[in-house]
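This report refers to the structure that appears directly beneath it.
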Amino acid sequence: MSRRNCWICKMCSNESKRLPSNLTLEEVLQWAQSFENLMATKYGPVVYAAYLKMEHSDENIKFWTACETYKKIASRWSRVSMAKKLYKTYIQPQSPREINIDNSTRETIIRNIQEPTQTCFEEAQKIVYMHMAMDSYPRFLKSEMYQKLLKTIPDCHSKV
């Protein structure tokens with residue numbers, strides 16, 4: 001099968017990311033060992049995000065990824081700016097991509113948003129990670145997408 005015909009390659013290119021030729025069956029199999037393994041690999045989060053987008057539930061991975069970026073911001077001004085954006089997009093009730101967190105966590109973020117630290121979204125990020133690990137991840141492993149990828153990956157890049 002050529003890369004042009006590989007359904008996962010096409011899907012990833014639609015996200016402006018091509019499935020890399022060095023993605024191996026071993027890595028794809030490693031994703032099934034644990035959610036931590038999936039998230040720790042280079043390409044696991046990209047494929048998992050594509051799955052969640054197909055399921056119309058990609059707000060969790062987008063929030064988690066944004067928090068990973070947020071934690072690395074050194075500039076106070078940039079941190080304040082991104083904290084407000086994260087709040088408006090994911091935390092604020094009725095926001096466009098509102099994540100499922102408890103009111104206590106939401107209230108803590110609202111209090112801390114005035115002077116946001118690098119860890120002010122940490123609790124919400126942990127909750128979202130747990131939701132993904134306990135809910136979406138098992139569905140991902142059973143999904144047609146993952147099962148097809150297991151069957152396709154050995155051929156996908158060998159005949160490019």
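With Glu98 contributing its side chain and Gln94 its backbone, the two residues share a donor-acceptor pair below 3.5 Å. With hydrogens and angles ignored, the 3.5 Å screen pairs no side-chain donor or acceptor of Thr65 with any backbone N or O of Lys62. Within the 3.5 Å criterion, the main-chain N or O of Arg139 finds no donor-acceptor partner in the side chain of Glu55. Using modelled atom types, no side-chain atom of Ser81 and backbone atom of Trp77 make a donor-acceptor pair closer than 3.5 Å.
Between Tyr70 and Phe121, the distance separating the two ring centers is shorter than 6.0 angstrom. Taking the centre of each ring, Tyr137 and Tyr129 stay at or above the 6.0 Å mark.
Nearest heavy-atom pair, Thr41 versus Gln30, reported as atom, atom and distance to 0.1 Å: CG2-OE1, 4.0 Å. The heavy-atom pair separating Tyr146 from Ala32 by the smallest distance is OH-CB, 3.4 Å. Considering every non-hydrogen atom in both Ile61 and Met39, the closest pair reads CD1-CE, 3.5 Å. Minimum interatomic distance between Met82 and Ala66 (heavy atoms only, all atoms of both residues): CE-O, 3.3 Å. Met132 and Leu52 get closest at one heavy-atom pair: SD-CD1, 4.4 Å. Scanning all heavy atoms of the two residues, the minimum distance from Ile73 to Arg79 falls at O-NH1, 3.2 Å.
Note that CG of Asn100 is 12.0 Å distant from OG of Ser57, once rounded to the nearest 0.5 Å. Note that the OG atom of Ser95 and the CZ atom of Arg97 stand 9.5 Å from one another [nearest 0.5 Å]. For the atom pair Ile91 CD1 and Ile113 CD1, the distance stands at 8.0 Å (nearest 0.5 Å). For the atom pair OG1 (Thr108) and CD (Glu123), the distance works out to 8.5 Å, reported to the nearest 0.5 Å.
Ser136 places a side-chain heavy atom less than 4.5 Å from the side chain of Tyr48. With contacts defined as side-chain heavy-atom distances shorter than 4.5 Å, the pair Gln125/Glu68 qualifies. Within the 4.5 Å cutoff, the side chain of Ile110 has heavy atoms near those of the Tyr87 side chain. Looking at Thr117 and Asn112, their side chains never come closer than 4.5 Å, going by heavy atoms from C-beta outward.
A salt bridge does not link Glu122 with Lys71: none of the charged nitrogens is closer than 4.0 Å to a carboxylate oxygen. Salt-bridge annotation for Asp102 and Arg106: absent, with no side-chain N of the basic residue lying under 4.0 Å from a carboxylate O of the acidic one.
Between the side chains of Gln33 and Asn37, at least one donor-acceptor pair of N or O atoms lies under 3.5 Å. Side-chain contact annotation: Lys72 with Gln118, donor-acceptor N/O pair under 3.5 Å absent.
For the side-chain contact (heavy atoms from CB on, under 4.5 Å) criterion with Tyr90, the lone passing option out of Ile99, Ile109, Asn60 is Ile99. Partner of Phe63 under the side-chain contact (heavy atoms from CB on, under 4.5 Å) criterion, chosen from Thr89, Val128, Asp58: Val128.
Two different hydrophobic clusters hold Leu86 and Val80 under the rule that ILVMFWY side chains link at heavy-atom gaps under 4.5 Å. Under the 4.5 Å side-chain heavy-atom criterion for Ile, Leu, Val, Met, Phe, Trp and Tyr, Phe35 and Met130 are members of distinct hydrophobic clusters.
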